A.B. asks: 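One structure follows; several queries about it will come next.
All values reported here derive from a predicted model rather than from experimental measurement. Below, read A as the first sequence line, B as the second, and so on, with proteins coming before strands; counting in each chain starts at 1. What's counted below: heavy atoms across the whole structure, side chains too, no hydrogens, waters or symmetry copies.
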Amino acid sequence: MTKNDLIIRVGGEGGEGVISSGDFIAAACARAGLEVYTFKTFPAEIKGGYAMYQVRTSPDHIYNQGDTFDVFCAFNGEAYEMNKHLLRPGTAFVYDYPGGDFEPDAIPAGVHAYPIPMTAAAKELKSARSKNMVALGALSVLFNISEETLSEVLSKKFGKKGQEVLDANLAAFAKGKSLAQGIKKTDTWRVADPKPPKDVIVISGNDAVGMGSLIGKLDFFSAYPITPATEIAKYVATHIPKFGGTLVQAEDEIASISQVLGASYAGKRSMTATSGPGLALMSEMLGMSAMSEVPVMVVDVQRGGPSTGLPTKHEQSDLFLAIHGGHGDAPRIVLSVENVKDCVDMAVDALNLAEQYQCPVLLMSDGSLAFSTQTIPAPDPSSYKIVHRKRWDGQGEYKRYVMTDDLISPMADPGTPGGMHVATGLEHGETGAPKYTAENHELQARKRFGKIKTVVDQYAPVEVDGSGAADIGIITWGSTIGVVREAVMRLREEGIKVKGFYPKLMWPMPVAQYEAFAATCKKILVPEVNFQGQLSHFIRAETSIKPIPYAICGGLPFTPAQIVQKVKEVI
Amino acid sequence: MSTAALNKVQMPFKDYKSEVPVVWCPGCGHHGILNGLYRALADAGVDPTCLVNVSGIGCSSRTPYFVKSYKMHTLHGRAGAVATGVQLARPDLAVVVTGGDGDGFSIGGGHMPHMARKNVNLTYILYDNGIYGLTKGQYSPTSRPELKAYTTPYGGPDEPMNPCLYMLTYGATFVAQAFAGKPKICADLIKQALEHKGFSYVNIFSQCPSFNKIDTIEFYRDLVEEIPAGHDVTDIGAAMALARRPNGKAPMGLLYKEEGKPTLDEKMAGLVQKLGGHPDYDMKKVINLFRP
Ligand SMILES: Cc1ncc(C[n+]2csc(CCOP(=O)(O)OP(=O)(O)O)c2C)c(N)n1
Ligand SMILES: [Mg+2]
């Protein structure tokens, strides 16, 4: 955390321009060579309800959404009510007043309050919808958001909609600036000064998964809409036809994974994307993929569950389902992303691993990453390795499930002379013909599980944060990793001996690496956002480690401060 | 499905038989349908190497094992959806689904309307025996209420559905009905279905002597009636009227055929063409859209 590490939160009613103002701030900062990490919450309802957009920006790398805001901008009374308990000494508070729909209670001592008549100014300009632009103008002046890059971003966005729209918005923006110029600034928060621009893109987790899949040479995508995963389908739908690929919106998730399996059998790199409820529906077909050894790639953007649960909220509660969901002994590879950069890189990995191991591969993301936009290095598509499935060379007699040294059998695309075979969900022998003997079932189960074992060595070793002995080690997964990284830095600054262990391959578990890590730590803490402590459960089951679970499930990600506090409690 | 664009081969129908012995009960109607399928494949000149026969689970769903082809024996009810994926991925292949009334209309019922309305270019052959054969005789969506079956010892509470009417309603561009006791008619209709461009559906009554004791071969023989020569197969109203069995008789023959409707894969290829899509499109162009 540096002085210039600043968190601005904008809150208001959904549809009031909260999201777009946040987007503008993020884009302007990124254009000014700064890092951004955004975080949003929005209502499950279509119209209205409280929406929040938070931009964290810094000249240095950002690992997570942060603890809470430094600057809060309230568009309406509801947003104020939701956030007023977080106004603490030192924070800045910008709000719509007078003329807005609320009057704040007495401002707590030490809070820097800046009333800006956003609604009134917009009305005066006869463009009621540009209230957010008034706010943006004021924020830019008050907190040193680069005026140059901000106007570039606005012109880029509104320029497309014609001069009139652009002018109206710029007028409101200018009005906001002049209103703020008339105010005396009493706080010290400011966005860092612009730096030379870097070769970056600003992208959300969901778009990044889509981008990664196209870099990974995806041919076929089928999905059924579900929050918070649908943007992946939108991204792929927009771009895959440019590459000659196919996207289907299927009638349900069972159909989408079935189509994916069919397309994959036909030789194409295929995937689907869903959230927990959809993944639950897919579990029978995941077993088919495991049994028939047909590659499928499934993205699970987790949300609050069970059942319909908390559709727009953050949770990491699908680990049980991802690893063991489904009947019978059905092996699979499960990956989990930490951040938006991982969404790109690991979507490529997931497609590659499915092709390589001919099994289901799940890529887990979560509700906060889905919509979090982050600055990441612009990917260089040529730097990614594309792995293709082992294909039959046409020599000799073809047996689809022939035993090989690495237990992976060559596939034959339909249309290959001599390669006719069955992909079957029945237990089978080498040719694919049904075979139910005890010996064969054990042999085949050993093949299906055995062939994926090497992924533990092949897939990059788990990152260990820190070295030597520690009083406490933190093992965590998914986007919680980014939170723990920062907590670890803060704890070290306080002289606490702490290490981190950040797995991205969730299954099969790199057990030896877990054990080696735990051997260097007196205690192991496992923070995760679910009620049961799902990763803790797997650690207990698969290793000799006795972790201390730290499970929360309030619909929000952890903050670094929470982790710091917990470590101090348990150490 | 349209076989027009495919590799044509000339093979005697017996050569479409695989080495796997057929396992159905003696007297089962499925044998007749399978023979009709062999003949249709031969008559249409389908290259087995470019044929993908997809099925779900059921006695009828064992068909792919008996047909020389690429094949997928998938999950109960999912054959149509899996086949849709195969077809869209590889429009150059011939895709045929074979399955039962339970597979297609009970557990897989959610997929049927969508294959029809999207005009997925494949052929769906439904072996309609009014029973769940493989699970030893429970009533199915096409069972008559009189049927006393495993789980309906006093007869069933449900009205049977009408598969042809259903598929017509959802926009199938080819709907035909036959009876396993008439393998030649089966062969002829399946061949036409194979040659039709678009989603083709063939409903074939098939007696199950083991578990459906009322829909016997005699019953079906009496039930079906060849569609009169004057029937206009392009007239959806006339097709639906016939499908409703106005005189209690089930129509046998081609009920409906709509030509020229674009198939789902054609529409998708059209989109790719419109956007000038190709595998070497520059990914950097897409990445650059996200520069701040
Ligand atoms: C998910 C699931 N539920 C139930 C079954 C059991 N099952 C297998 S086949 C079948 C019914 C088969 O009937 P039908 O599709 O009419 O085919 P038939 O055997 O009559 O040819 C059932 C219920 C299953 N395999 N999978
Ligand atoms: Mg049946």
Side-chain angles (χ1 to χ4, degrees), chain A residues 26-28 30-31 149 153 200-203 207 211 214-215 217 219-220 222 239 241-246 248 250-252 254-256 258-268 270 284-285 288 292 375 378-379 381 412-426 433-434, chain B residues 7 18 20 47-54 57 64-65 68-90 92-93 95 110-111 113-114 118 264-265 268-269 271-272 274-292:
Chain A
R31 228 178 142 87
T149 56
V153 166
V200 294
I201 57 171
V202 180
I203 186 167
D207 283 344
M211 182 176 280
L214 292 184
I215 292 174
K217 303 280 181 202
D219 298 306
F220 184 90
S222 176
H239 301 299
K242 299 176 187 169
F243 298 87
T246 303
V248 190
E251 55 271 23
D252 55 42
I254 301 177
S256 49
S258 300
Q259 292 173 357
V260 165
L261 184 105
S264 180
Y265 174 81
K268 302 293 183 183
S270 308
E284 192 188 11
M285 197 53 84
M288 168 79 196
S292 62
T375 30
D413 293 352
T416 309
M420 280 184 284
H421 67 274
V422 63
T424 178
L426 286 178
Chain B
N7 234 2
S18 75
V20 180
D47 177 358
T49 301
C50 297
L51 169 65
V52 184
N53 186 179
V54 184
I57 301 296
Y65 288 100
K68 198 173 275 178
S69 64
Y70 276 87
K71 52 202 124 219
M72 303 183 78
H73 182 220
T74 68
L75 300 179
H76 194 28
R78 309 305 160 207
V82 173
T84 298
V86 176
Q87 203 285 326
L88 293 174
R90 289 283 304 276
D92 59 315
L93 300 171
V95 182
H111 307 306
H114 304 285
K118 293 182 179 204
L264 181 57
D265 64 288
M268 291 184 164
L271 174 65
V272 168
K274 196 173 124 196
L275 297 176
H278 56 86
D280 299 323
Y281 185 85
D282 188 1
M283 184 69 211
K284 284 195 178 137
K285 284 192 192 162
V286 179
I287 292 170
N288 288 340
L289 296 173
F290 291 84
R291 292 192 181 275

A.B. asks: Does any heavy atom of chain B fall under 4.5 Å from the side chain of A/Val260, the backbone, both, or neither of them?
C.D. replies: neither
A.B. asks: Measure centre to centre between the rings of B/Tyr70 and A/His421, then say whether the value is under 6.0 Å.
C.D. replies: yes
A.B. asks: Would you mind checking which part of A/Thr375 comes under 4.5 Å of any heavy atom in chain B, side chain (CB onward), backbone (N, CA, C, O), both or neither?
C.D. replies: neither
A.B. asks: Could you look at B/Val286 and say if it's the side chain, the backbone, both or neither that has a heavy atom under 4.5 Å from chain A?
C.D. replies: both
A.B. asks: Measure B/Pro279 against the heavy atoms of chain A and call it side chain, backbone, both or neither at under 4.5 Å.
C.D. replies: both
A.B. asks: Please state whether the side chain, the backbone, both or neither of A/Thr246 comes within less than 4.5 Å of a heavy atom of chain B.
C.D. replies: side chain
A.B. asks: Given 3.5 Å as the limit, does a donor-acceptor pair link the side chain of B/Tyr65 with the main chain of A/Val422, or not?
C.D. replies: no
A.B. asks: Need one label for A/Val153: side chain, backbone, both or neither, based on atoms under 4.5 Å from any heavy atom in chain B.
C.D. replies: neither
A.B. asks: Counting only heavy atoms closer than 4.5 Å, note whether B/Lys285 contacts chain A via side chain, backbone, both or neither.
C.D. replies: neither
A.B. asks: Using a cut-off of under 4.5 Å for heavy-atom pairs, which of A/Glu284, A/Lys217, A/Lys268 has the most such pairs with chain B?
C.D. replies: A/Glu284
A.B. asks: Under 4.5 Å, counting heavy-atom pairs only, tell me which of B/Pro64, B/Ser69, B/Cys50, B/Gly276 racks up the most with chain A.
C.D. replies: B/Ser69
A.B. asks: Under a 4.5 Å cut-off applied to non-hydrogen side-chain atoms, are B/Ile287 and A/Ile201 in contact?
C.D. replies: yes
A.B. asks: Let's test your reading of the structure: which of B/His278, B/Met268, B/Lys284 forms the most heavy-atom pairs below 4.5 Å with chain A?
C.D. replies: B/His278
A.B. asks: For the residue pair B/Leu88 and A/Val248, what are the closest heavy atoms and their distance?
C.D. replies: CD1-CG2, 3.5 Å
A.B. asks: Side chain, backbone, both or neither: which part of A/Ala412 has an atom under 4.5 Å from a heavy atom of chain B?
C.D. replies: both
A.B. asks: Pick one of side chain, backbone, both or neither for B/Pro48, based on which atoms fall under 4.5 Å of a heavy atom in chain A.
C.D. replies: both
A.B. asks: Any idea which of A/Asp252, A/Thr149, A/Val200 has the most non-hydrogen atom pairs under 4.5 angstrom with chain B?
C.D. replies: A/Val200
A.B. asks: Can you tell me which portion of B/Leu289 sits under 4.5 Å from chain A's heavy atoms? Options are side chain, backbone, both or neither.
C.D. replies: side chain
A.B. asks: Do you know which of A/Met285, A/Met288, A/Met420, A/Gln259 has the most heavy-atom pairs under 4.5 Å to chain B?
C.D. replies: A/Met420
A.B. asks: Taking side chain as C-beta onward, heavy atoms only, is A/Ile254 less than 4.5 Å from B/Arg78?
C.D. replies: yes
A.B. asks: Evaluate the side-chain proximity of B/Arg90 to A/Asp413: yes if any heavy-atom separation is below 4.5 Å, no if none is.
C.D. replies: yes
A.B. asks: Quick check for you: among A/Gly267, A/Ala27, A/Gly425, A/Gly415, which has the greatest number of heavy-atom pairs under 4.5 Å with chain B?
C.D. replies: A/Gly415
A.B. asks: Can you tell if the side chain of A/Phe243 reaches within under 4.5 Å of the side chain of B/Met283, non-hydrogen atoms only?
C.D. replies: yes
A.B. asks: Could you check which of A/Pro414, A/Ser270, A/Ala263 has the highest count of heavy-atom pairs closer than 4.5 Å to chain B?
C.D. replies: A/Pro414
A.B. asks: Looking only at heavy atoms and a cut-off of under 4.5 Å, which of A/Ile215, A/Val202, A/Asp219 has the most pairs with chain B?
C.D. replies: A/Val202
